[in-house]
Every structure is written in structure tokens, then in C-alpha cells.
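Source: prediction; values computed, not measured.
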Amino acid sequence: MTDQQPPGMSFYEQVGGRPTFQRLVDEFYRGVAGDPVLKPMYPEEDLGPAADRLMLFLEQYWGGPGTYSAERGHPRLRLRHQPFHVNPDARDRWLLHMRSAVDSLDLAPVHEATLWDYLERAAHAMVNTFDDDPGAPRRSLL
């Protein structure tokens with residue numbers, strides 16, 4: 001991809017739209033599927049529903065279709081992640097798989113940096129415990 005894009009295009013359009021985000025999500029969940037810490041956090045045995053939700057969220061966030069909000073309402077990311085044991089280890093594993101997925105896209109440097117900056121900040125914001133034991137009661141971080 002080039003850094004030269006017509007003015008007014010959303011980030012979603014600049015990076016290639018749905019096919020790019022589909023590749024990102026597919027690659028990310030390939031990593032999650034084999035991760036002993038992250039995989040148990042997904043309520044469905046099949047990661048397909050989680051992949052669909054992430055895809056819709058990312059599309060909407062970056063300027064694509066608003067399907068996520070139409071189907072699920074406001075994203076409320078911290079609230080939606082509260083039931084899960086998201087400690088620094090889980091965050092780092094999430095980032096490891098997402099880094100691999102972002103690298104697989106071969107985006108222009110400005111697009112890669114923009115996407116990664118958001119993903120990294122979002123991952124840090126989802127941490128809701130510093131306990132290593134998933135069974136330990138969570139203390140509010142707020």
C-alpha cells in the first residue's frame with residue numbers, strides 16, 4: 001500500500017476495507033486458538049462468533065459499516081471484558097497474537113503505526129486485575 005490516499009477516505013478504506021480486517025482477525029484468532037491462557041476466555045467452543053464480533057467492532061471503529069452498534073449497541077469494551085480475567089499476562093498474550101496479525105498485513109508504515117497504537121492502548125485499557133489466579137476475586141482498578 002502507498003501512503004498516498006485520496007482525501008476524505010476513512011482509515012478503513014485506506015487500508016483495504018473488509019478484506020484487510022478479515023485477514024487481521026483470521027490471523028489473530030489462529031494464534032488465540034492455540035493459546036492456553038486466552039482460549040478459555042472465549043465462551044463459545046468455536047471462535048467464530050468472537051471473530052465475527054471483533055471484525056464488526058474493528059470495521060466500525062475504523063470507519064466502515066456500523067453493523068456492530070446496530071447489532072450489539074454501544075461497544076462498552078471495559079464492561080464487556082469485565083467478566084474475564086484480563087491480567088498483564090493475558091494482555092501480553094493478546095498483544096503477541098495481534099502483533100503477528102498486524103505484521104501479516106504488510107500495511108504502509110503510517111497505517112501500521114496507527115493501527116498498532118490503537119490496539120496497544122486498547123489492550124492496556126482492558127486489564128482488570130493483577131492477580132495471576134483466574135479464580136481470584138477481581139478488585140476494581142478504577
TODO: Using atom types as modelled and distance alone, determine if a side-chain donor or acceptor of Q14 lies under 3.5 Å from a backbone N or O of M9.
DONE: yes
Open item on the list: So L107 and T114, do their side chains get closer than 4.5 Å, heavy atoms only?
Closed with: no
Open item on the list: Quick one, L105 and V15 - any side-chain contact, counting heavy atoms below 4.5 Å?
Closed with: no
Task: Heavy-atom check, side chain of H124 versus side chain of L95, under 4.5 Å - done: yes
Open item on the list: What I'd like to find out is whether the side chain of W94 reaches to under 4.5 Å of the side chain of L119, using heavy atoms alone.
Closed with: yes
Open item on the list: Within the 4.5 Å heavy-atom criterion, are M98 and E120 side-chain neighbours or not?
Closed with: no
Task: Salt-bridge present (R99, E112; N to O < 4.0 Å) - done: yes
Task: Side chain proximity check, V25 to F57, heavy atoms < 4.5 angstrom - done: no
Task: Y118 ring center near F11 ring center (under 6.0 Å) - done: no
Task: Q60 backbone acceptor or donor facing Y12 side chain under 3.5 Å - done: no
Open item on the list: Is any side-chain heavy atom of M126 closer than 4.5 Å to one of R91?
Closed with: no
Open item on the list: If we ignore hydrogens and angles and just use 3.5 Å, is the side chain of E13 paired with the main-chain N or O of S10 as donor and acceptor?
Closed with: yes
Open item on the list: Looking at every heavy atom in both V37 and D35, which two are closest together, and how far apart are they?
Closed with: N-OD1, 2.9 Å
